Amino acid sequence: VRKIGVLTSGGDAPGMNAAIRGVVRSALTEGLEVYGIYDGFLGLHQNRIERLNRTSVSDVINRGGTFLGSARFPEFADEKVREQAIQNLKMHGIDALVVIGGDGSFMGAKKLTEMGYPCIGLPGTIDNDVAGTDYTIGYMTALNTVIDAIDRLRDTSSSHQRISIVEVMGRHCGDLTLMASVAGGCEYIITPETGLDKDKLLSKIKEGIYKGKKHAIVAITELMTDVNELAKFIETETGRETRATILGHIQRGGQPGAFDRILASRMGAYAVDLLQQGEGGRCVGIQNDKMVHHDIIDAIENMKRPFRQDLYEVAEKLF
Ligand code: F6P
């Protein structure tokens with residue numbers, strides 16, 4: 001491998017810039033050429049590719065978002081679109097591609113790999129929904145953002161003796177909701193893994209009121225229900241004022257915390273190590289604080305993220 005490309009794809013995540021920097025600087029240190037691809041697979045298809053040097057990644061380690069830009073590009077599922085992308089890479093003489101993104105982006109990387117073009121996937125998403133890694137880049141920073149929001153909601157719902165419902169991102173993964181609930185002291189946790197049982201939730205809230213709780217915070221993962229409707233239902237059934245707050249894209253922005261900067265730097269450097277060893281078609285992870293890599297096809301098709309039942313049980317005990 002002499003020339004490598006790097007792109008960020010899917011929803012942005014704090015720490016993506018640090019990951020690009022990790023890839024660029026370590027590749028240059030190894031004597032490789034590096035090319036940045038703008039706006040993910042979309043820019044790859046449109047051939048928006050530029051050579052990067054050490055200063056291209058100056059002053060980005062502390063910045064949220066991704067300076068290369070990102071996009072959702074469902075058209076990449078089309079084989080003809082991917083063939084064009086591979087042709088663009090070959091035209092620049094790029095031998096391998098590092099894809100920083102979530103599960104959708106890994107799917108793109110997997111498909112390129114299956115077509116004989118070597119890719120390395122770095123998990124970058126606030127959702128923490130990628131198999132084969134304990135943490136994804138951006139998750140820990142987003143978690144702190146969510147906790148900060150929950151702390152603020154606690155102040156106001158406690159002052160007004162209200163019930164507060166807070167909708168957290170995560171798509172089909174409850175990690176962000178679960179960990180934020182434990183750290184934020186939420187009374188009720190609803191995630192895709194636990195499911196939503198409205199009657200059970202209601203009886204728990206009533207039990208809390210009976211125990212003398214002055215307010216309550218319900219944390220729920222997005223896409224499960226209409227939280228404003230849920231708030232109306234709880235208010236009607238309990239007689240307690242209830243408000244819903246959708247945290248939304250606030251969760252994706254902001255300066256990456258130390259954990260994500262370090263994780264991204266390690267993963268970026270590790271991706272280059274793997275390419276130097278002739279590895280392709282791998283995805284990088286961190287497990288028990290060690291850098292690991294898995295077959296990208298196997299990771300997408302067969303590996304599952306386990307739900308942290310142990311943490312759910314801790315949260316239940318602290319109710
Ligand atoms: O994957 C990250 C994420 O923020 C999810 O939590 C959320 O479901 C989705 O992206 C939102 O996507 P978009 O920014 O395209 O609306």
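Because the structure is predicted, anything quoted here is derived from the model rather than measured. When a ligand or atom number is given, it counts from 1 through the structure's own listing order.
- The protein non-hydrogen atom at the shortest distance from atom 4 (O) of ligand 1 is Arg252 NH1, 2.8 Å.
- Counting non-hydrogen atoms of other residues, nucleotides and ligands closer than 6.0 Å to OH of Tyr135 gives a total of 12 or fewer.
- Between Glu222 and Arg171 no salt bridge is recorded (no basic side-chain N to carboxylate O distance below 4.0 Å).
- Between Gly69 and Asp39 the shortest heavy-atom distance is CA-OD1, 3.4 Å.
- Judged by distance alone, the side chains of Gln84 and Asn88 do bring a donor and an acceptor atom under 3.5 Å apart.
- For Gly170, a nitrogen or oxygen atom sits less than 3.5 Å from a nitrogen or oxygen atom of ligand 1, counting backbone and side chain alike.
- Residue-ligand proximity, Met169 to ligand 1, at heavy-atom distances under 4.0 Å covers atoms 4 (O), 6 (O).
- Looking at atom 8 (O) of ligand 1, its nearest protein heavy atom turns out to be Glu222 OE2, 2.6 Å.
- The pair Lys80-Asp78 fails the salt-bridge criterion, with no side-chain N (NZ, NE, NH1 or NH2) lying under 4.0 Å from an Asp/Glu carboxylate O.
- Heavy-atom distances between Gly102 and ligand 1 stay at or above 4.0 Å for every pair.
- For atom 2 (C) of ligand 1, the closest heavy atom belonging to the protein is Asp127 OD2, 3.2 Å.
- Across the listed options His249, Arg72, His172, His249 owns the non-hydrogen atom lying nearest to atom 14 (O) of ligand 1.
- With salt bridges taken as basic N to acidic carboxylate O contacts below 4.0 Å, none links Asp95 and Lys90.
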